[in-house]
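To keep things clear, I will list the structure first and then write my remarks on it.
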Amino acid sequence: MDLERLLADRLAPAFAAVAGGPVDPAVRRSQHADFQSDAALGLARRLGRPPREIAAEVRERASLADVCAAVEVSGPGFLNLTVAGHALGGLVSALAADPRLGVPVVAEPETVVVDYSGPNVAKEMHVGHLRSTVIGDAAARTLEWLGHRVLRANHLGDWGTPFGMLIEHLLDLGEAGAAQELSMGDLDGFYRAARAKFDDDPAFQERSRQRVVALQGGDPATLRLWRLLVTQSESYFLTVYDLLDVTLTGDDFRGESSYHDQLAPTVEELDRLGLLRRSDGADCVFPPGSVGRDGEPLPLIVRKSDGGYGYPATDLAALRHRTGALGATRLLYVVGLPQRRHFEMVFAVGAQAGWLAAPVRAEHVGFGSILGPDGRMLRSRAGGSVKLVGLLTEAVQRATALARERNPELGVAEAAAVGRAVGIGAVLYADLSGDRHKDYVLDWERMLSLDGNTAPYLQYAYSRVRSIFRRAGAAARPDAEVSLAEPAERALAMELVGFAAVVEEVAGSLEFHRLTAYLHRLAVAFSAFYERCPVLRAEGPVRESRLVLCELTGQVLRQGLDLLGIRTPERL
RNA sequence: GCGCCCGUAGCUCAGCGGAUAGAGCAGGGGACUUCUAAUCCCAAGGCCGCAGGUUCGAAUCCUGCCGGGCGCACCA
């Protein structure tokens with residue numbers, strides 16, 4: 001049971017009695033006590049009574065004796081609540097006995113499609129892909145742990161006009177040579193070379209155009225070459241996902257091409273519903289609420305004037321498929337904020353068409369752009385893009401060197417494993433620990449930093465927990481009574497019981513920086529506890545109690561970091 | 001022109017209507033015969049972009065400015 005809710009439940013009847021109607025007790029954490037209730041302040045005017053008097057009466061009426069050690073009226077009319085040590089200890093004991101650490105499986109599981117990562121075939125993954133991949137994976141992991149049915153959708157850019165030139169370039173290189181280049185992960189080189197030829201050589205340009213026609217016409221030979229490109233890229237992406245500890249697998253590739261045969265039926269249905277309008281030769285839907293530069297309604301172009309389908313059609317077909325055939329009730333699109341308007345329009349059209357009707361909802365889980373040092377968007381054309389594997393490799397190297405330096409006892413293999421967990425963790429954490437809506441300037445040092453509010457700090461706290469148990473030679477006794485005499489023990493316990501509320505909040509908002517902030521607070525509380533409260537040198541019930549606190553801290557850190565896709569080595 | 005996102009310590013960022021605005025980094029001062037010092041403790045650091053408004057109370061909600069970024073019909 002969440003402490004905040006427990007206190008609110010106890011205060012609510014007292015407030016209701018005093019106010020003569022239901023009142024939200026407005027309980028929250030406090031600097032002046034464990035919790036405070038602010039509701040008396042707001043009631044003062046309505047009741048025509050001084051807020052302190054209201055607070056005092058609520059204090060008299062509320063049954064808090066078994067939960068609170070002190071309830072005081074403070075300041076202009078706050079009710080300061082100090083939780084009783086035994087009550088807090090009891091809650092900690094209950095958590096220790098719960099494999100889910102107080103976080104229940106949802107009563108009504110949903111089918112959730114998480115659309116994320118979505119790199120482009122035959123193009124290198126750069127730091128810009130990091131955000132979608134990392135945030136999306138955290139969302140998938142978190143919702144899955146809560147008991148939802150999560151369908152990961154890797155919406156690969158595997159279709160469209162660029163494939164004409166890519167296939168022609170592949171033919172120029174020869175299949176064997178091209179395959180080798182692609183399998184080595186030099187996708188940028190491949191793409192740039194094709195692009196350069198396309199820009200400079202009119203003959204190549206013409207071949208490419210014809211190749212696109214052949215591809216879209218389903219020419220078997222062309223399709224075979226196209227598939228070669230796709231599978232080579234896919235296997236490369238999987239190596240990056242593996243390095244990142246991302247849970248996407250080969251089964252999750254749902255490229256744009258996979259909706260190819262649903263495009264025409266989707267557009268036909270829009271037509272049947274009377275939503276289609278011809279404009280400048282293109283078939284469009286004009287969803288309400290979107291206006292363009294000229295103040296005129298903005299169309300979502302579902303079929304271009306040349307008869308081809310663009311990505312709006314693909315997104316609509318995917319949406320229709322996901323809510324229809326897949327039966328999803330929640331759709332997440334983990335895509336950069338610049339595409340916000342596009343998704344607004346797609347969702348609006350989906351609603352008009354009836355594919356998106358309550359309780360089914362779609363959310364654009366947008367995130368800020370990564371900017372260059374000049375404060376402008378990092379663009380691959382400008383040569384400013386940073387290859388993702390380069391960043392990851394650097395992170396692992398740095399962390400491995402640090403692991404060797406800090407802990408010479410580690411063998412070569414373990415140092416490598418630690419370096420990987422710490423280095424990758426640092427990169428993931430750097431991306432997840434800030435408000436995802438904000439742009440940020442690509443800061444190599446920041447992403448690779450192993451100091452401060454970073455994953456390594458949390459991993460270190462975890463490794464300290466494990467170290468205690470290695471030396472203790474025994475696990476914590478789950479039935480041991482938890483006593484909280486020391487302030488540091490109390491502070492730690494207070495954080496531990498807050499895990500469930502944070503996870504539930506994050507499952508809704510998908511603001512993972514709230515989870516990282518929580519885990520950091522927990523690790524700080526544990527570090528202070530570790531400094532001041534000896535565990536192994538304590539005896540009897542104190543030792544038993546502290547072992548429970550350690551065990552629970554370790555479990556929450558591990559589970560919390562796991563939801564973010566970050567590893568927790570046994571020792572650093 | 002319209003729309004969206006963002007302006008908080010020197011730097012990177014928390015703070016989703018409440019008391020004296022909090023962390024980390026950098027810089028200053030302390031703590032290793034100790035369960036790993038990848039740690040801890042102390043001090044210092046602020047016209048919360050600006051101006052109005054709502055409210056008993058605003059960094060937080062509303063409006064208008066200023067500054068930065070992004071987007072606004074057949075590329076994805």
Side-chain angles (χ1 to χ4, degrees), chain A residues 26 28 30-32 36 38-39 41-42 44-45 51 74-78 80 118 120 157 159-162 256 279-284 289-306 308-312 314-315 336-342 344 366-369 371 375-377 399 402-403 405-407 409 422 430 433-435 437-441 443 445-446 449-454 456-457 459-461 463-472 505 509 511 513-514 516-517 520-521 524 527-528 530-538 546 550 571-572:
Chain A
R28 59 184 184 88
S30 175
Q31 300 172 29
H32 306 277
Q36 66 185 52
D38 302 340
L41 264 8
R45 165 161 295 200
S74 169
F78 299 109
N80 284 355
N120 293 315
W159 199 250
T161 46
E256 293 168 344
S279 178
D280 286 347
D283 290 323
C284 307
S290 293
V291 275
R293 197 190 300 277
D294 49 9
E296 296 297 307
L298 199 60
L300 194 65
I301 297 173
V302 293
R303 187 162 42 203
K304 298 185 285 183
S305 53
D306 67 1
Y309 298 101
Y311 75 114
T314 309
D315 280 339
L337 240 17
Q339 298 207 49
R340 183 177 169 123
R341 168 111 72 146
H342 166 69
E344 269 175 10
F367 49 83
S369 307
L371 309 178
R376 305 189 70 84
M377 244 175 102
L402 188 70
E405 178 194 321
R406 294 292 163 92
N407 192 351
E409 288 177 20
V422 170
S433 56
D435 181 341
H437 299 99
K438 293 190 179 184
D439 292 350
Y440 66 84
V441 175
D443 184 347
E445 288 303 320
R446 190 180 81 90
S449 172
L450 308 177
D451 297 315
N453 180 12
T454 63
Y457 178 83
Q459 290 168 321
Y460 181 66
S463 79
R464 284 177 138 183
V465 170
R466 300 314 306 158
S467 169
I468 285 172
F469 285 105
R470 273 197 303 278
R471 291 191 174 251
E505 196 285 327
S509 71
E511 293 183 350
H513 72 284
R514 295 176 192 273
T516 65
H520 183 249
R521 277 202 307 278
V524 166
S527 296
Y530 184 92
E531 297 282 333
R532 284 167 215 150
C533 303
V535 177
L536 299 178
R537 276 181 286 116
R546 288 179 178 171
C550 288
R571 55 177 185 170
L572 297 192

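By convention in this document, chain letters (A, B, ...) are assigned in the order of the sequence lines, proteins followed by strands, and residues within each chain are numbered from 1.
Across all strands shown, A/Arg45 has heavy atoms under 4.0 Å from sugar-phosphate atoms exclusively, and none from any base. The residue A/Ala282 sits close to a base: some heavy atom pair falls under 4.0 Å. Contacts of A/Pro338 with the nucleic acid, taken as non-hydrogen atoms under 4.0 Å apart, involve only primed sugar atoms and P, OP1 or OP2. Residue A/Leu300 is classed as having no contact, given no heavy-atom separation below 4.0 Å to the nucleic acid. No contact: A/Cys550 has no heavy atom under 4.0 Å from any strand. Residue contacts shown for A/Ser527 are limited to sugar-phosphate atoms, with no base heavy atom under 4.0 Å away. If you check every strand for non-hydrogen atoms under 4.0 Å, A/Ser290 touches nothing. Heavy atoms of A/Ala403 sit under 4.0 angstrom from at least one base atom.
If you check B/rC40, B/rC16, B/rU36 against the side chain of A/Arg471, the one that comes closest is B/rU36. When each of B/rU34, B/rC6, B/rU39 is scored by its nearest atom to the side-chain atoms of A/Arg537, the top-ranked nucleotide is B/rU34. For A/Val291, the listed nucleotide lying nearest its side chain is B/rC2; candidates were B/rC6, B/rA76, B/rC2. For A/Arg406, the listed nucleotide lying nearest its side chain is B/rA38; candidates were B/rA38, B/rC35, B/rA73. Picking from B/rG71, B/rA76, B/rC40 the nucleotide with the shortest atom distance to the side chain of A/Lys304 gives B/rA76. Here the side chain of A/Pro299 is nearest to one of B/rA76, B/rU39, B/rA73, namely B/rA73. Comparing B/rC74, B/rC35, B/rC40 by their nearest atom to the side chain of A/Leu536 picks out B/rC35.
At the phosphate of B/rC70, neither OP1 nor OP2 sits under 4.0 Å from any side-chain N or O atom of A/Arg341. Within the structure, a side-chain polar atom (N or O) of A/Arg532 is placed less than 4.0 Å from OP1 or OP2 of B/rC41. Between A/Tyr457 and B/rC40, a side-chain N or O to OP1/OP2 separation shorter than 4.0 Å is present.
Side chain to side chain, A/Tyr457 and A/Ser527 meet the donor-acceptor criterion of an N or O pair below 3.5 Å.
Note that A/Arg303 lies outside the cation-pi zone of A/Tyr309, set by a 6.0 Å cut-off to the ring centre and a 45° limit from the axis.
Remark: B/rC25 base-pairs with B/rG10; criterion is Watson-Crick or G-U wobble with both hydrogen-bond distances under 3.5 Å. Of all nucleotides present, only B/rG53 satisfies the Watson-Crick or G-U wobble test against B/rC61, with each distance under 3.5 Å. Nucleotide B/rC35 has no partner under the Watson-Crick or G-U criteria, as no pair reaches both atom distances under 3.5 Å. When Watson-Crick and G-U wobble pairs are counted only if both distances are under 3.5 Å, B/rG71 pairs with B/rC2.
Between the CG atom of A/Leu298 and the P atom of B/rG3 there is a distance of 14 Å, given to the nearest Å. As rounded to whole Å, 8 Å separates atom P of B/rC70 from atom CG of A/Leu371. We find that CZ of A/Arg293 is positioned 17 Å from P of B/rC4, with the value rounded to whole Å.
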Tabulated below should be each protein N or O lying under 3.5 Å from an N or O of nucleotides 23-27 of chain B; please produce it.
residue	atom	partner	partner atom	Å
B/rG24	O2'	A/Asn453	N	3.3

Pairwise N/O distances under 3.5 Å, protein to nucleotides 18-22 of chain B:
residue	atom	partner	partner atom	Å
B/rA19	O2'	A/His32	NE2	3.4
B/rA19	N7	A/Gln36	OE1	3.1
B/rA19	N7	A/Gln36	NE2	3.3
B/rA19	N6	A/Gln36	OE1	2.9
B/rA19	N6	A/Asn80	OD1	2.5
B/rA19	N1	A/Ser74	OG	2.9

Under 3.5 Å, which N/O atoms of the protein pair with N/O atoms of nucleotides 9-14 of chain B?
residue	atom	partner	partner atom	Å
B/rA14	OP1	A/Asp435	N	2.5
B/rA14	OP2	A/Lys438	NZ	2.6

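Here the rule is side-chain contact (heavy atoms from CB on, under 4.5 Å) with A/Glu256, and of A/Asn120, A/Thr314, A/Asp315 only A/Thr314 fits it.
A donor and an acceptor atom sit less than 3.5 Å apart, one in the side chain of A/Tyr311 and one in the base of B/rA76. For A/Ser279 against B/rA73, a side-chain N or O and a base N or O form a donor-acceptor pair under 3.5 Å.
Annotated as syn: B/rC32, whose glycosidic dihedral is within 90° of 0.
Across the interface with RNA chain B, nearest-nucleotide mapping of A/Pro456 and A/Gly295 shows A/Gly295 to be the residue nearer the 5′ end.
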